[in-house]
Amino acid sequence: MSKGLAQQGREQWKSRTGFMLAAMGSAIGLGNIWKFPYITGEYGGAAFIIVYLICIALIGIPIMLAEFAIGRNTQKDAVGSFQELTPGKPWFITGIFGVISAFLILSFYGVVAGWALSYTTKAMSGDLLAIPPDKLGDHFGGFIGTSLGPILWQLLFMAIVIVIVVKGIKEGIEKWNKILMPALGVLLLILVVRGLTLPGSSEGVAFLFSPDFSALTGEAILVALGHAFFSLSLGMGTMITYGSYVPKNINLPTAATGVSLADTGFALVAGLAIFPALFAFGMDPGAGPGLIFITLPAVFDLMPFGQFFSVLFFLLISVAALTSAISILEVPVAYFMRKFEWTRKKATWILGTIIFLFGIPSSLSLGAWSGFTIFGKGFFDAVDFLASYILLPLGGLLTALFVGWAIGKKKAEEIGGLAAGGFVNKLWIVTLRFIAPVLILIVLLSSTGLLDVILKAIGLKG
Ligand code: PHE
């Protein structure tokens with residue numbers, strides 16, 4: 001097949017709504033309902049949220065637009081798009097990093113999503129609420145520390161992801177997002193109303209919205225930035241890949257802003273569903289990754305119609321995880337389909353299986369293999385840290401530099417879909433050239449400990 005023909009036969013979204021829902025489906029996921037609440041709880045609430053919002057506005061939205069623009073302009077996958085815009089240059093390595101990040105992230109993402117599936121069935125059967133609240137921690141620890149159980153749930157989750165991605169853009173990804181995303185909105189709405197109408201919930205609202213800046217540490221800022229990338233699905237070519245299926249007539253700036261606002265709004269509203277309920281029942285918001293699996297079931301236990309709400313909640317997480325996982329798998333699938341001319345079916349099954357297998361050590365590291373550590377972290381945490389807090393910001397940094405500098409100013413001003421010569425267009429380019437790279441670099445250097453080394457070397461720190 002000639003290149004032109006292959007290009008003509010490439011898949012596209014059926015509708016604008018379909019694309020928007022798919023991109024929102026990618027962004028809204030475990031990041032919003034599992035990670036955001038527990039890191040907000042750990043890093044002190046409202047002050048952390050403000051830093052997070054600044055990261056979204058200053059870095060997230062401009063980079064999301066950059067990713068959509070790269071994808072739509074080239075109609076290529078995460079690696080091919082860089083090659084198309086700068087042939088013969090090493091920029092495509094950014095895309096390779098993206099494919100690697102996708103492998104890493106989906107491997108542990110599938111593990112947590114498997115827990116959510118398992119907890120959904122436990123909630124349905126009534127087993128979950130039959131556990132005394134003070135035993136919920138042991139129960140969760142026992143469950144994720146078992147060797148076989150969590151892996152089977154992860155397998156089930158990955159199988160669902162594969163079956164949807166095999167069906168392709170229109171009939172698989174778009175169709176399922178159109179069904180699942182509205183369902184997700186309804187589920188969340190019911191849970192928020194429940195949380196906010198509990199007596200004593202106002203303390204939780206205050207925790208989310210009245211900032212105490214003294215609680216803000218350097219580490220908190222790193223986590224906020226890393227989480228902005230994770231939550232908006234940026235820095236690994238997801239939005240490049242989804243953008244590559246976008247028809248020419250869709251307005252990208254509106255899409256990037258809309259998806260970012262929806263994702264942020266969803267995280268805040270999920271916080272409003274969770275924290276008021278935690279405070280209403282006197283639970284600790286800083287419980288860490290087990291927050292929604294240990295602390296929340298205790299809350300459901302105490303709440304009228306708790307079983308009903310617990311089922312809705314774990315269903316919410318499972319569905320949100322599914323629409324995100326689909327987008328992660330699509331990154332390597334699109335790449336392998338073009339690069340090695342694999343069929344969608346072959347690429348999806350093979351890559352999905354490898355990612356599942358790679359998730360097994362993550363799962364085992366919470367139990368049988370907990371003695372094995374990398375830089376003091378268990379396998380699960382090491383993979384999460386490397387991918388979410390190093391590779392994604394690095395990918396975002398390279399993407400910003402790519403559009404800001406490498407493709408030429410004229411091209412950059414053209415592909416974003418912002419008014420030619422307009423102020424916003426100039427602001428976007430300046431952000432990609434200077435503001436985002438500098439901020440990301442500072443955060444990356446401090447997270448890897450390199451900042452300390454440099455500051456000491458130039459005598460700014462003792
Ligand atoms: N954004 C997703 C979430 O918040 C996770 C994700 C990360 C998806 C990176 C795609 C790429 O859960």
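For ligands, and for the atoms within them, numbers begin at 1 and follow the listed sequence.
- Between S233 and ligand 1, an N or O atom pair is found at a separation short of 3.5 Å.
- Of all protein heavy atoms, the one closest to atom 2 (C) of ligand 1 is S26 O, 3.3 Å.
- At least one side-chain heavy atom of S231 sits under 4.5 Å from a side-chain heavy atom of N32.
- Protein heavy atom closest to atom 12 (O) of ligand 1, with residue, atom name and distance, is Y109 OH, 2.5 Å.
- Near M236, meaning under 4.0 Å from any of its heavy atoms, are these atoms of ligand 1: 9 (C), 11 (C).
- Set against the non-hydrogen atoms of S231, the atoms of ligand 1 under 4.0 Å away are 1 (N), 4 (O).
- For ligand 1, the atoms lying closer than 4.0 Å to a non-hydrogen atom of T238 are 10 (C), 11 (C).
- Remark: among candidates F230, F229, Y242, F266, the nearest residue to atom 7 (C) of ligand 1 is F230, based on non-hydrogen atoms.
- The atoms of ligand 1 that sit less than 4.0 Å from any heavy atom of N32 are 4 (O).
- Residue contacts with ligand 1: L392 is placed with no nitrogen or oxygen under 3.5 Å of a nitrogen or oxygen of the ligand (distance criterion only).
- Not one N or O on the side chain of T146 forms a donor-acceptor pair closer than 3.5 Å with the backbone of G149.
- Any N or O atom pair closer than 3.5 Å counts here, and S327 shares no such pair with ligand 1.
- Under the rule for a side chain to side chain donor-acceptor pair (under 3.5 Å), T348 has no partner lying at least two apart in sequence or in another chain.
- Aromatic ring centres of W369 and F379: separated by at least 6.0 Å.
- Under the 3.5 Å distance criterion, the side-chain polar atoms of Q154 are left unmatched by any main-chain donor or acceptor of A113.
- Of all atoms in ligand 1, numbered sequentially from 1 with element shown, those under 4.0 Å from a heavy atom of G31 are 3 (C), 4 (O), 12 (O).
- Residue contacts with ligand 1: W34 is excluded, as none of its non-hydrogen atoms falls under 4.0 Å.
- Of the possible polar contacts, one joining the R72 side chain to the P247 backbone as a donor-acceptor pair under 3.5 Å is found.
- Only one option out of V186, T120, I33 pairs with L316 in a side chain to side chain contact (heavy atoms under 4.5 Å, CB included); it is I33.
- For ligand 1, the polar-atom distance check against L30 finds a nitrogen or oxygen pair separated by under 3.5 Å.
- Ligand 1 has no N or O atom lying under 3.5 Å from any N or O atom of I105, backbone or side chain.
- Of the inter-residue distances, the one linking T431 atom OG1 with R433 atom CZ reads 11.5 Å to the nearest 0.5 angstrom.
- At distances below 3.5 Å, at least one donor-acceptor pair connects side-chain atoms of R10 with backbone N or O atoms of S244.
- Residues I39 and H227 meet the side-chain proximity criterion, which asks for heavy atoms closer than 4.5 Å.
- Against a heavy-atom cut-off of under 4.0 Å, A27 is close to the following atoms of ligand 1: 1 (N), 2 (C), 3 (C), 4 (O).
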